[in-house]
Amino acid sequence: MKFMKIGTKPDTFCTEEASRTVISDVPSDLLIQINNISYLLHKFPLVPKCGLLQRLCSDSGDSEKVSIELHDIPGGEDAFELCAKFCYGITINLSAYNFVPAFCAAKFLRMTESLEKGNFVPKLEAFFNSCILEGWKDSITTLETTVKLPDWSENLGIIRKCIDSIVEKILTPPAKVSWSYTYTRPGYTKKQHHSIPKDWWTEDISDLDVDLFRCIITAVASTYMLPPQLIGEALHVYACRWLPDTTRPPPQTDEQFMEKNRRIVDTIVSMIPGDKRAVCVGFLLRLLMVANYLGVSPVTKTELLRRSSLQLQEATVNDLISPSHSPTDPEFYDIDLVVAVLQSFLVLWRRQSPAAASASESNGSSAQFLGTMRKVGKLIDSYLQVVARDANMPVSKLVSLAEALPDIAREDHDDIYKAINIYLKEHGDLSKTDKKRLCRILDCQKLSPEVRAHAVKNERLPLRTVVQVLFFEQDRDRASNSKAASTHDHHHKHKLLPLMPSQSQSQELFSTGKQTVPTSRELDIHNGHGHGHGKLKLGAADHHDKFTSSRGDHSTRRTNVAGKKDYPLHLQTKRSDGKFPVGTEIKIVSSTEIQEQVEHQLETGSGSKLDVKRMIQRGSRSDHGRDKGKDR
């Protein structure tokens with residue numbers, strides 16, 4: 001910071017009651033009133049240097065003592081006293097802090113070169129041009145002080161010259177920067193970094209008023225000499241400097257405070273470069289949260305929603321977390337804001353690629369859009385796991401956000417299952433209706449085996465959801481077994497038993513009185529294709545036998561006179577034309593019938609989870625037996 005000292009005499013101004021005077025043997029003959037202060041001075045030192053006082057004194061005639069009112073002098077009594085001390089030759093110190101009021105007051109009093117050589121105005125102009133405008137922080141400080149005298153500063157060209165000086169220095173290559181600057185980024189020390197950072201100027205200009213800041217940023221951006229990321233960084237630093245932290249209660253909430261911050265948000269949003277990479281999505285979401293808290297204009301909020309949704313896939317869970325400031329909402333997290341961002345994202349996503357919005361995962365042309373949607377889906381599900389811990393979070397808002405995502409946004413439902421489980425754990429008193437509503441968003445077919453195993457044992461889940469998981473497990477196992485049997489039959493047709501065994505085979509099979517027709521599982525083990533390296537596991541046919549016998553139905557196997565088990569009915573009684581004789585009935589109970597029985601138990605409230613699981617297992621065994629019978 002540079003200073004200029006003018007004058008050599010000691011300060012002889014003193015205060016007597018409500019007036020300021022100069023200690024002198026000569027009596028005062030000039031009374032100047034400024035606001036509530038009276039200055040008892042002398043005509044001789046002041047009038048020759050001040051054109052305004054010369055005119056006012058001449059209008060008063062030849063009176064010995066002249067009284068003048070200067071209530072409208074820019075800078076007030078402090079600025080006038082600087083001018084008066086200059087006239088008396090008293091030492092004064094000028095700097096960037098007091099230059100603006102002193103210069104405006106000197107201009108007001110017309111202390112120009114035409115009245116006296118070396119007058120106050122030319123000295124101030126020389127200091128301004130040679131010292132203040134040449135310095136980095138001097139220019140910023142001077143520009144900052146113009147806020148108190150905006151009209152005078154604008155008319156005298158102080159603002160324009162300061163802005164031009166600041167912009168010129170900002171555009172200087174970092175390697176040529178030789179002046180001091182403020183840079184307090186976390187983890188940065190000038191001793192460890194010999195090179196000057198590209199954003200060295202952002203912190204110093206953040207101290208300016210928002211209108212002056214806007215003038216500088218606009219001037220810098222109009223040159224297109226700096227990348228958009230630097231402009232965005234300057235906006236980010238300014239927002240951190242002035243905008244309130246929405247995660248904690250603000251120090252004041254009066255209307256003046258709110259209006260000032262609304263103006264800051266509006267200005268920052270209007271200056272965000274069009275380049276998508278200019279600012280990060282975390283900064284945009286924070287601006288959106290502050291805007292929502294301050295109640296900015298709908299235009300500003302809509303623009304922030306649009307910009308945030310364009311980069312939503314780059315956000316983190318911490319970027320989305322914001323406390324709710326609505327007095328009508330009991331929950332801690334502002335989930336409505338996240339829903340608004342997601343909806344804006346979906347609108348833009350469908351508009352940018354209508355085909356990708358409805359395309360399947362196999363569509364190669366929509367791979368990029370699908371990847372973006374999957375990232376957003378992962379983000380939203382992770383966010384749901386956080387807000388699910390909120391004790392006051394209603395089910396309706398959680399379900400609303402979860403259902404807002406399209407089906408293709410979730411490759412699996414493991415993360416949404418975790419969110420549901422957390423919510424059920426934190427809300428133990430949840431009604432059955434709300435539990436069903438919450439679990440309705442879960443697709444059991446998209447759960448991984450580990451999560452399905454957890455869901456089957458999860459007592460917090462509604463029984464209906466557990467039933468769905470169990471049915472899907474059984475259907476999946478049945479499909480796998482059928483596929484394995486089909487593959488085995490395709491590769492080993494020459495080893496399959498004939499439909500009607502020969503006499504020698506019949507004698508061999510019934511020689512012990514205990515052997516039966518080998519099942520497909522036994523064939524697998526016999527041929528070395530069994531699972532588990534030879535460990536015997538209950539095959540599909542055995543499941544069918546147990547299920548039918550337990551129900552007392554007509555078994556598909558019958559016992560001959562000698563007490564030996566004969567072939568299955570459909571192997572013995574089938575005619576040569578492939579039809580069953582009249583009177584032969586095979587009763588097969590499908591999983592659909594079992595599911596109807598389970599649904600009936602759920603509706604009536606009878607039966608436990610264990611009973612339901614047993615019924616599902618029995619239904620699966622019946623289907624296994626039916627499939628094996630078809631294979632044979």
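The basis for the numbers below is simple: all heavy atoms, side chains too, and nothing from hydrogens, waters or symmetry mates.
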**Message:** Quick one, Arg410 with His413, criterion side chain to side chain contact (heavy atoms under 4.5 Å, CB included). Give me CA distance, side-chain angles, the key distance, then yes/no.
**Reply:** CA-CA 6 Å; Arg410 294 186 176 100; His413 275 221; 3.9 Å; yes
**Complete:** Note: Thr302 and Pro298 closest approach over all heavy atoms is OG1-O, 2.7 Å
**Request:** Dump the intermediate steps for side chain to side chain contact (heavy atoms under 4.5 Å, CB included) on Asp412 and Leu447, then the final yes or no.
**Result:** CA-CA 6 Å; Asp412 58 64; Leu447 296 177; over 6 Å; no
**Request:** Measure the CD1-CD1 distance between Ile321 and Ile335 for me, rounded to the nearest 0.5 Å.
**Result:** 11.5 Å
**Asked** Please walk me through it: do Met258 and Arg262 pass side chain to side chain contact (heavy atoms under 4.5 Å, CB included)?
**Response** CA-CA 6 Å; Met258 302 289 280; Arg262 287 192 203 105; 3.7 Å; yes
**Asked** Between Pro406 and Met373, is any pair of side-chain heavy atoms under 4.5 Å apart?
**Response** yes
**Request:** Would you name the heavy atoms of Ala455 and Val466 that are closest together and state the gap between them?
**Result:** O-CG2, 4.0 Å
**Asked** Just by modelled atom types, is the Asp415 backbone N or O under 3.5 Å from a matching donor or acceptor in the Gln385 side chain?
**Response** yes
**Message:** Whether the Asp334 and Ser322 side chains hold a donor-acceptor pair (N or O, under 3.5 Å, no angle test) is what I'd like checked.
**Reply:** no
**Asked** Does Trp242 use its side chain to pair, donor to acceptor, with the backbone of Ser206 at less than 3.5 Å?
**Response** yes
**Prompt:** Does the distance from a Lys or Arg side-chain N to an Asp or Glu carboxylate O, for Glu314 and Lys276, drop under 4.0 Å?
**Reply:** no
**Message:** Under 3.5 Å, is there a donor on one side chain and an acceptor on the other for Ser297 and Thr300?
**Reply:** yes
**Asked** Side-chain contact, heavy-atom cut-off 4.5 Å: Gln311 with Leu284?
**Response** yes
**pair Phe213-Asp209: side-chain heavy atoms closer than 4.5 Å** = no
**Prompt:** Between the main-chain N or O of Val279 and the side-chain N or O of Gln229, is there a donor-acceptor pair closer than 3.5 Å?
**Reply:** no
**Asked** Are there more than 12 heavy atoms of other residues, nucleotides or ligands under 6.0 Å from atom CZ of Arg389?
**Response** no
**Message:** Using only atom types and a distance under 3.5 Å, with no angle test, would you say the side chain of Thr465 pairs donor to acceptor with the backbone of Leu461?
**Reply:** no
**Request:** Indicate the atoms forming the closest heavy-atom contact of Leu370 with Ile408, along with that distance.
**Result:** CD1-O, 3.8 Å
**Request:** Could you grab the distance from atom CG of Leu398 to atom OG of Ser396, nearest 0.5 Å is fine?
**Result:** 9.0 Å
**Request:** Can you establish whether the number of heavy atoms outside Gln256 located under 6.0 Å from its atom CD is more than 12?
**Result:** no
**Asked** Taking C-beta and beyond as the side chain, do Thr202 and Asp199 meet within less than 4.5 Å on heavy atoms?
**Response** yes
**Request:** State whether Arg263 and Asp211 are salt-bridged, where the test is any N-O pair (Lys NZ or Arg NE/NH1/NH2 against Asp/Glu carboxylate O) under 4.0 Å.
**Result:** yes
**Asked** His427 vs Tyr423 aromatic rings, parallel, tilted or perpendicular, using cut-offs 30° and 60°?
**Response** parallel
**Side-chain donor or acceptor of Tyr238 paired with backbone N/O of Asp207 under 3.5 Å** = no
**Fill in**
Rounded to the nearest 0.5 Å, the NZ atom of Lys397 sits from the CG atom of Leu384 at a distance of 13.5 Å
**Fill in**
Checking Asn421, Leu405, Ile380, Asp381 against Ile416 for side chain to side chain contact (heavy atoms under 4.5 Å, CB included), the one that qualifies is Asp381
**Message:** Is it the case that the side chains of Tyr293 and Asn261 hold a donor-acceptor pair, with the cut-off being a distance below 3.5 Å and no angle test?
**Reply:** no
**Request:** Identify the heavy atoms of Val341 and Leu305 that sit nearest to each other, and give their distance.
**Result:** CG2-CD2, 3.7 Å
**Request:** Determine whether Leu312 and Leu320 make a side-chain contact, defined as any pair of heavy atoms from C-beta on separated by less than 4.5 Å.
**Result:** yes
**Asked** Any side-chain heavy atom of Phe283 sitting closer than 4.5 Å to one from Ile268?
**Response** yes
**Prompt:** If you measure from OG on Ser344 to CG on Leu348, what distance do you get to the nearest 0.5 Å?
**Reply:** 4.5 Å
**Prompt:** How are the rings of His454 and Tyr417 set to each other: parallel, tilted or perpendicular (split at 30° and 60°)?
**Reply:** perpendicular
**Asked** Is there a side chain to side chain donor-acceptor pair (under 3.5 Å) between Tyr183 and Asp204 once you walk through the steps?
**Response** CA-CA 8 Å; Tyr183 198 81; Asp204 286 325; over 6 Å; no
**Gap between atom CG of Leu287 and atom CE of Met289 - 0.5 Å precision** = 10.5 Å
**Request:** Mind listing the closest non-hydrogen atom pair of Asp414 and Lys446 along with its distance?
**Result:** OD1-O, 4.0 Å
**Prompt:** Can you list the steps and then say if Val386 with Tyr333 is a side chain to side chain contact (heavy atoms under 4.5 Å, CB included)?
**Reply:** CA-CA 9 Å; Val386 175; Tyr333 297 103; 4.0 Å; yes
**Item:** Minimum side-chain heavy-atom gap Leu310-Arg306 below 4.5 Å
**Value:** yes
**Request:** Supply the atom-to-atom distance Gln313 CD to Thr372 OG1, rounded to the nearest 0.5 angstrom.
**Result:** 5.0 Å
**Prompt:** Which atom pair, heavy atoms only, marks the closest approach of Cys444 to Arg452?
**Reply:** O-CD, 4.0 Å
